[in-house]
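In this chain, residues are counted from 1 in sequence order.
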Amino acid sequence: MPNYPDPELIGLYRWRLTSPDASMNKGLSGTSIDIQGIVSKIYATGKITRADQNELMALIVSDQVLGLRECQQISEIINRLNNGWLKVID
């Protein structure tokens, strides 16, 4: 049985991209560093843990404005999950 990304993560991500703040893609350096670390780990291992997923969800719903690069990285993670290129582990 394949592991699919949490629908809540995808829904929150889509909401974040369509919210009024999404047009202000300035981003914050702390957010960029957080996401870059998570993304690097996911790419290196080919796996996403529930902890990684929770961290991404927390960043998506936070008051921090996500920049274009951060949105692209999160989108790529979701794309890789949907295509089965990442394994979801607990």
Side-chain angles (χ1 to χ4, degrees):
M1 179 174 174
N3 288 320
Y4 294 104
D6 187 338
E8 185 176 343
L9 174 62
I10 294 171
L12 290 172
Y13 173 70
R14 286 183 182 146
W15 171 82
R16 180 70 173 168
L17 286 181
T18 58
S19 71
D21 288 341
S23 62
M24 302 171 54
N25 279 326
K26 295 178 183 174
L28 300 174
S29 60
T31 304
S32 180
I33 293 168
D34 293 344
I35 291 176
Q36 187 59 46
I38 295 168
V39 169
S40 295
K41 183 172 80 167
I42 292 169
Y43 287 171
T45 63
K47 301 173 185 172
I48 184 169
T49 65
R50 293 293 173 194
D52 296 335
Q53 183 178 6
N54 290 337
E55 287 181 55
L56 288 174
M57 285 178 63
L59 288 169
I60 290 169
V61 300
S62 72
D63 289 337
Q64 298 177 0
V65 177
L66 299 178
L68 180 60
R69 179 182 173 118
E70 289 85 7
C71 289
Q72 288 172 333
Q73 289 174 322
I74 293 170
S75 180
E76 179 63 21
I77 295 295
I78 292 171
N79 186 41
R80 288 177 183 227
L81 282 164
N82 287 334
N83 288 317
W85 300 334
L86 291 176
K87 183 177 181 180
V88 179
I89 59 174
D90 285 321

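Within the 4.5 Å cutoff, the side chain of Ile74 has heavy atoms near those of the Leu66 side chain.
Atom CG in Leu68 sits 10.5 Å away from atom OG in Ser75 (nearest 0.5 Å). Note that the CD1 atom of Ile42 and the CD atom of Gln53 stand 9.5 Å from one another [nearest 0.5 Å]. Remark: Gln73 CD to Ile35 CD1 distance equals 6.5 Å, nearest 0.5 Å. Atom CD of Glu76 is separated from atom OH of Tyr43 by 4.0 Å, given to the nearest 0.5 angstrom.
Every residue was checked against the side chain to side chain donor-acceptor pair (under 3.5 Å) condition with Thr45, not counting sequence neighbours, and none meets it. For Lys47, there are no side chain to side chain donor-acceptor pair (under 3.5 Å) partners two or more places apart in sequence or in a different chain. Every residue two or more places apart in sequence or in another chain that forms a side chain to side chain contact (heavy atoms under 4.5 Å, CB included) with Asp90 is listed here: Arg50. The side chain to side chain contact (heavy atoms under 4.5 Å, CB included) search around Ser40 returns Gln36, not counting sequence neighbours. The side chain to side chain donor-acceptor pair (under 3.5 Å) check on Asn54 picks up nothing, with sequence neighbours excluded.
Between the side chain of Asn82 and the backbone N or O of Asn79, no donor-acceptor pair lies under 3.5 Å. Ser62 places a side-chain N or O within 3.5 Å of a backbone atom of Leu59 that can act as its donor or acceptor partner.
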Please lay out, stage by stage, how Ile48 and Leu56 fare under the test side-chain contact (heavy atoms from CB on, under 4.5 Å). CA-CA 11 Å; Ile48 184 169; Leu56 288 174; 4.3 Å; yes
